[in-house]
Amino acid sequence: MQKIYIKDLSQHVGQEVTLSGWLFNKRSGGKIKFLVLRDGSGYLQCVYFKGNVSEDVFNLADRIGQESSIEVTGKVKVEPRAPGGFELDAVNLHLISEAHDYPITPKDHGIEFLMDNRHLWLRSSKQVAIMKIRHRIVKAIRDFFDERGFTLMDPPILTPAVCEGTSTLFETEYFDLGKAYLTQSGQLYAEAGAMALGKVYTFGPTFRAEKSKTRRHLTEFWMVEPEVAFNDLNADMDLAEEFLEYIVQTILKEKQEELKVLERDTSILEKVVRPFPRISYDQAVEILKKNGVDFQYGNDLGATDETIISNQYDRPVMVHRYPTAVKAFYMKRDPENPDLALAVDVLAPEGCGEIIGGSQREDNYELLLERIKEHNLPQEAFEWYLDLRRFGSVPHAGFGLGLERTVGWICGLDHVRETIPFPRMIYRNTP
RNA sequence: UCCGCGAUAGCUCAAUGGUGGAGCAUUCGGCUGUUAACCGAAGGGUUGCAAGUUCGAGUCUUGCUCGCGGAGCCA
């Protein structure tokens, strides 16, 4: 028999079909049982009338517990009273594996309990919706760059130490070569790729051993990092803007059902269209001062500062030209004011904070070497990176987008821990 | 790392320093249209760990452990 999934039931109205899945919920009358089946593609209410099935089947329907795996057979009918609009008039029930005392009941649970049971929590309808949206965002990201002539280029996960200090890097032994570290970013490798292929993007997991305990931080998260030869900061911002619009509009178009499960207010997402406001760091500081924040010029924007700024707008806001002191060594200085870096952060609305950080890169050999020395970085570790400026250096720019923060924003979640199947955080690395 | 809050039944929570309860879940019974179904009954406890105050501690004090919220940190 052909395998049928719940999402395709509209094509089988009036037919007798068999579906397999798990018992999601059960309600019963004396001679009627409502078994809600889930199969990963949807939910289906199956009705067992005492007179329509054998006594064994009816007793089985009465007995099995939540999350028992089953195979149901019956006739598909349109039924406005059933969730989803379709119902199965069941004639048979086959038990695959019986379950009892499933810990996650259809009532409220605390976050600690749910996180301890993350492997089971993933079966809940909201978690299923989040995972489907995450998947679609990943596809939208790849489609966007693939359709625009970018080449996906995977950077290494294991890297030598190249950043300032090792306190935020996860460390591991690497044969006779000493220590290796889990990557924090594929950017420097993406720059090498851009010099080879013009337009590249990296997309993979990155790791930060920061002792951050906030709703926006994971120790292991996914980042997509495009890098484009001959782009300047403005072109970088154009790309970021088009990219975010594409992702949000794609999800709005294709994932309405999941957004509804998540009770997401989509009117906010509908406003995410170009152009996004672009303000300089100096203008951002003015906004903070107008809102009564005692902000020290030259500092980086804190979480609450970002919220105040993004609340001024109904769509993502791009803040550019930060003081060089708070930004990375490889960012190019603004030729009109060497105290500023040609950097941009994109802040998502609704207090979600930074989801993109990018910059035009320093392409001058001498200036880059100077910055490496200023930051007390080991020059020998950067010789390969300096080579990119020795041999055919060009202006180039790129950015990094945090996948989990983006998923959290689009899904309207208040914590990134639900945006990845098995989150890794400072105080949790199980299950 | 800092500030704040918390830990009581499988889960979510209640309990004036004086006999530890409820809802859900589980088990049993009832119900032919339920929508987190409903109705009736039963079982279920080393109140996170250790010490202290007290005639008496789930409740007050101290320490520890674990977690949660926030901050800092965060190319």
Side-chain angles (χ1 to χ4, degrees), chain A residues 24-36 43 45-53 58 62-63 65-67 79-85 87 89 99-117 120-121 124-125 162-165 167-169 183-188 190-191 206-219 221 223 225 299-307 322 324-331 341 343-345 351 353-354 356-359 361-362 371-372 375 377 398-400 402 405 414-415 417 425-428:
Chain A
F24 187 69
N25 195 10
K26 187 169 68 172
R27 296 176 286 271
S28 69
K31 294 185 175 111
I32 184 169
K33 309 281 174 204
F34 299 96
L35 271 54
V36 179
Y43 301 85
Q45 175 165 285
C46 308
V47 185
Y48 286 83
F49 277 111
K50 193 159 193 170
N52 294 1
V53 295
F58 193 76
D62 186 48
R63 188 186 81 209
Q66 191 185 352
E67 291 301 315
E79 174 53 74
R81 286 176 293 185
E87 189 174 82
D89 206 354
H100 286 284
D101 299 313
Y102 184 70
I104 303 180
T105 59
K107 289 275 180 181
D108 292 337
H109 299 283
I111 189 65
E112 185 183 358
F113 177 77
L114 290 171
M115 291 301 288
D116 285 343
N117 289 285
L120 302 175
W121 188 22
S124 304
S125 52
V162 290
C163 293
E164 48 269 62
S167 62
T168 63
L169 291 165
T183 183
Q184 288 193 311
S185 161
Q187 186 209 304
L188 303 189
E191 287 185 53
T206 54
F207 306 86
R208 307 258 169 120
E210 296 154 9
K211 296 199 168 174
S212 302
K213 189 182 140 22
T214 80
R215 68 180 77 174
R216 288 190 294 276
H217 285 86
L218 298 168
T219 57
F221 64 99
M223 191 151 66
E225 295 174 282
N299 285 355
D300 204 355
L301 303 176
T304 48
D305 304 324
E306 289 181 350
T307 301
Y322 286 72
T324 52
V326 300
K327 287 294 178 185
F329 77 94
Y330 53 73
M331 293 183 178
V344 59
D345 281 356
E354 179 187 344
I356 282 181
S359 70
R361 322 304 188 187
E362 181 53 71
R371 301 309 307 278
I372 288 171
H375 282 75
L377 298 170
F399 60 82
R405 287 182 182 181
D414 60 9
H415 202 299
R417 64 189 158 208
M425 294 176 292
I426 177 166
Y427 294 124
R428 179 179 292 278

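Chain letters run A, B, ... following the sequence lines, proteins first and then strands; every chain starts at 1.
Relative to the side chain of A:E112, the nucleotides B:rG67, B:rG72, B:rG33 differ in distance, and B:rG67 lies closest. For A:I32, the listed nucleotide lying nearest its side chain is B:rG33; candidates were B:rG33, B:rC11, B:rU27. In the set B:rA36, B:rA71, B:rU12, B:rU12 carries the atom at the smallest distance from any side-chain atom of A:F113. Checking B:rU32, B:rA71, B:rU34 against the side-chain heavy atoms of A:Q45 singles out B:rU34 as nearest. In the set B:rA71, B:rC24, B:rU27, the nucleotide with an atom closest to the side chain of A:K107 is B:rC24. Checked against B:rC68, B:rG33, B:rC74, the side chain of A:R405 finds its nearest nucleotide in B:rC74. Each of B:rA36, B:rU34, B:rG72 was ranked by its minimum atom distance to the side chain of A:K211; first place goes to B:rG72.
Within the nucleic acid shown, A:R208 comes within 4.0 Å of sugar-phosphate atoms alone, with no base atom in reach, counting heavy atoms only. Residue contacts for A:Y102: at a heavy-atom cut-off of 4.0 Å it reaches no nucleic acid atom on any strand shown. Residue contacts for A:S28: at a heavy-atom cut-off of 4.0 Å it reaches a base atom on one of the strands shown. In this structure, A:P83 reaches the bases: a heavy-atom distance under 4.0 Å links it to at least one base atom across the strands shown. In this structure, A:H217 reaches the bases: a heavy-atom distance under 4.0 Å links it to at least one base atom across the strands shown. A:G357 comes within 4.0 angstrom of nothing in the nucleic acid, heavy atoms only.
Between A:D116 and A:R428 there is a salt bridge, with a side-chain nitrogen of the basic residue lying less than 4.0 Å from a carboxylate oxygen of the acidic one.
Comparing the P positions of B:rU59 and B:rU16 gives an interatomic distance of 12 Å, to the nearest angstrom. Between B:rG6 and B:rU46, the distance separating the two P atoms is 24 Å to the nearest Å.
Remark: B:rU26 base-pairs with B:rA42. Criterion, Watson-Crick or G-U wobble with two distances under 3.5 Å. Base pairing annotation: B:rC66 forms a Watson-Crick or G-U wobble pair with B:rG6, both donor-acceptor distances under 3.5 Å. The partner of B:rC74, taking Watson-Crick or G-U wobble pairs whose two distances both stay under 3.5 Å, does not exist in any strand shown. Base pairing annotation: B:rC60 forms a Watson-Crick or G-U wobble pair with B:rG52, both donor-acceptor distances under 3.5 Å. Remark: B:rC31 base-pairs with no nucleotide; criterion is Watson-Crick or G-U wobble with both hydrogen-bond distances under 3.5 Å.
Few gaps surround NZ on A:K26; more than 12 heavy atoms of other groups in view lie less than 6.0 Å from it.
Of the possible donor and acceptor atoms, one in the side chain of A:E225 sits under 3.5 Å from a partner among the backbone N and O of A:G186.
For the pair A:L35 CG and B:rU34 C1', the computed distance is 12 Å after rounding to whole Å. What separates CD1 of A:I111 from C1' of B:rC5 is a distance of 16 Å, to the nearest Å. For the pair A:K26 NZ and B:rC38 C1', the computed distance is 15 Å after rounding to whole Å. Atom C1' of nucleotide B:rC74 and atom CG of A:D345 are separated by 12 Å, given to the nearest angstrom. The nearest whole Å value for the distance from the NE2 atom in A:H415 to the P atom in B:rC68 is 8 Å. Rounded to an integer number of Å, the gap from NZ of A:K213 to P of B:rC5 is 15 Å. Taking atom CD of A:E354 as the reference point, atom P of B:rG72 lies 13 Å away to the nearest angstrom. Spacing between atom CG of A:N117 and atom P of B:rC11 amounts to 9 Å, rounded to whole angstrom units.
Projected onto RNA chain B by closest heavy-atom contact, A:E225 and A:R63 fall at different nucleotides, the more 5' of which corresponds to A:R63. Remark on RNA chain B: of its neighbouring residues A:S185 and A:M115, the 5'-side contact belongs to A:M115, judged by nearest-heavy-atom nucleotide.
Side-chain atoms of A:E210 and base atoms of B:rG72 include no donor and acceptor less than 3.5 Å apart. Applying the 3.5 Å distance criterion, the base of B:rC73 shares a donor-acceptor pair with the side chain of A:S212.
For the pair A:F207/A:T219, no side-chain contact is recorded, criterion being any heavy-atom separation below 4.5 Å from C-beta on. Contact check for A:V36 versus A:R27: side-chain heavy atoms found under the 4.5 Å cut-off. Looking only at side-chain heavy atoms (C-beta outward), A:V344 and A:F399 stay at 4.5 Å or farther from each other.
A:R417 has a side-chain polar atom (N or O) that falls below the 4.0 Å cut-off from OP1 or OP2 of B:rG69.
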Stepwise salt bridge (Lys or Arg N to Asp or Glu O under 4.0 Å) test for A:K50 and A:D62: CA-CA 11 Å; A:K50 193 159 193 170; A:D62 186 48; over 6 Å; no
